[in-house]
Amino acid sequence: MNLEQLKDTWQGQNEQLQSGIKLNEDKLKTFETQAILRPLLNKRIIEAIFTFVIVILLWQYIVANFGLTAPVVSAAILNVFALINLAGNIGQIALISQIDYAKPISEVQKQIFDIRQHNLVMTKLVALSLPFYGAYVFLGFDLMFGIDLYKGLHVGGIFSLLLGGIAFLPAVIWFNRQLRFANLNTGWVSKMIESIGGQELLAAAQVMNTLQTSDK
Amino acid sequence: MVGKMSLHQSFTAMIEHNKGIIYKVANGYCQHKEDRNDLVQEIMVQLWRAFEKYDEQYQLSTWMYRISLNVAISFYRKSSKIKEDTTEINDDILQVNEDLAEQQQDENIRLLYQFIGGLNPLDKAIIILYLESHTHQSIADTLGISQTNVATKIARIKHKLKHQFSNKETK
């Protein structure tokens, strides 16, 4: 049997389906439940609020201690990362709210893929902040112990902190470059992407891959 | 579209006239009954949300297919642990009567759903629209890819199908 013959068989179902399926109208009145992306939207809203609070606290700290000190510069650096995170979360909230399933499949699936890979993008952002780990240390010491660690450090200590940050840089660049869907054949990449974005992300990536192959 | 009827009444009437679309998409994308019921529910939610904005320049069935297929492709569910062989949706919003359940056991229909179930999500959408006699242009518009790609993909699916059905016949 070929596809043309199957088409007739397929369409032959229509009458049967019309008479054989009963619409549960009572259920239809109360069916408003969680949509696919609703849990994600809730998560992003919570994340955005949390990040917003961090941004405000960091700004408060910068304003209260304004000056060219290591903890203030550290707070400013960390604030940049927090702002990028906040912008990402707001973008995600807008994207999830605007999804229109009546649009072409390629367009909607690209949006869903962007939504699903948010955690992966944020992981890369956190990795990018690692070379600036000194910022966490300086700010942490000031907040917890009221100590400006930078002032107490010898030149050698500052130098090794700086070197440590620089040493992180190639590792972070390598890590972020590896963490791509093109490298899914690499065991640890696949496992890491799955643990960060879940199987939903892998499924969305597969759909995107099929769509992109179609475009070529 | 809405006329004198309330929005909900119009929606119910639309679903009543096109319930086969939702059934076929859900059956094509989900192998297990529970997943299918959840997918039907999700499709209904998105259809209802989009209903107010329905653009009459699109044919209603085309609009419904777009939404249903987009939801089905986005609907990710880890494989159910409980395997079931039945193909009907018995409870929830769409209820299937026993006669239909028996008719759906027709060998070719069963094989066709089985075949569709084995395709990737995008090919599932293409084959369902193709079986519904949508033109290549209409399928390309729904998917947002070129007509040439649609033609290529249909040719590949036909080849797979031929191979699969001839295998079944020789067994």
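In what follows, every chain begins at residue 1, and chains take the letters A, B, ... in the order their sequences are listed.
- Here OH of B:Tyr130 is found 10.0 Å from CG of A:Leu6. Values are rounded to the nearest 0.5 Å.
- Scanning both residues, B:Glu132 and A:Gln11, for their nearest heavy atoms gives C-NE2, 3.4 Å.
- Within a 6.0 Å radius of NZ in A:Lys43, no more than 12 heavy atoms belonging to other residues, nucleotides or ligands are found.
- Remark: the backbone N or O of B:Leu143 is paired with a side-chain donor or acceptor of A:Ser106 at under 3.5 angstrom.
- Neither the backbone nor the side chain of B:Thr62 has a heavy atom closer than 4.5 Å to any heavy atom of chain A.
- Residue with the most contacts toward chain A among B:Leu47, B:Leu131, B:Leu112: B:Leu131 (heavy-atom pairs, distance under 4.5 Å).
- Within the 4.5 angstrom heavy-atom criterion, no atom of B:Tyr58 approaches chain A.
- The residue among B:Glu16, B:Lys158, B:Lys19 with the most heavy atom pairs within less than 4.5 Å of chain A is B:Lys19.
- Residues A:Lys7 and B:Ser133 come closest through the heavy atom pair CD-OG, 3.7 Å.
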Side chain to side chain contact (heavy atoms under 4.5 Å, CB included) between A:Tyr101 and B:Ser74, worked out = CA-CA 10 Å; A:Tyr101 286 96; B:Ser74 322; 3.9 Å; yes

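- With a threshold of 4.5 angstrom between heavy atoms, B:Ile127 approaches chain A through side-chain atoms but not through N, CA, C or O.
- Checked against a 6.0 Å centroid threshold, the rings of A:Trp10 and B:Tyr113 count as neighbours.
- In A:Tyr133, the OH atom is crowded: over 12 heavy atoms of neighbouring residues, nucleotides or ligands sit closer than 6.0 Å.
- Other residues, nucleotides and ligands place no more than 12 heavy atoms under 6.0 Å from the CD atom of B:Glu52.
- Both the backbone and the side chain of B:Ile67 come within less than 4.5 Å of a heavy atom in chain A.
- With a 4.5 angstrom heavy-atom cutoff, A:Ala204 does not touch chain B via any of its atoms.
- Going from atom CD1 of B:Ile73 over to atom CD1 of A:Ile112 covers 9.0 Å, rounded to the nearest 0.5 Å.
- Residues A:Gln109 and B:Asn70 have side chains that bring a donor and an acceptor to within less than 3.5 angstrom of each other.
- For the options A:Ile105, A:Ile99, A:Val207, heavy-atom pairs under 4.5 Å to chain B are most numerous at A:Ile105.
- Here B:Val71 is the residue among B:Asp141, B:Val71, B:Ile154, B:Leu69 with the most heavy-atom pairs under 4.5 Å with chain A.
- B:Ile116 touches chain A through its side chain: at least one heavy atom from C-beta onward sits under 4.5 Å away, while N, CA, C and O do not.
- In A:Phe132, the CZ atom is not crowded: 12 or fewer heavy atoms of neighbouring residues, nucleotides or ligands sit closer than 6.0 Å.
- Crowding of A:Phe52 atom CZ: a count of heavy atoms from other residues, nucleotides or ligands under 6.0 Å not exceeding 12.
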key: Verdict with supporting geometry, A:Met208 and B:Leu122, side chain to side chain contact (heavy atoms under 4.5 Å, CB included)   = CA-CA 10 Å; A:Met208 279 315 294; B:Leu122 216 61; over 6 Å; no

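- Only the side chain of B:Asn120 comes within contact range of chain A, with at least one heavy atom under 4.5 Å from a heavy atom of that chain.
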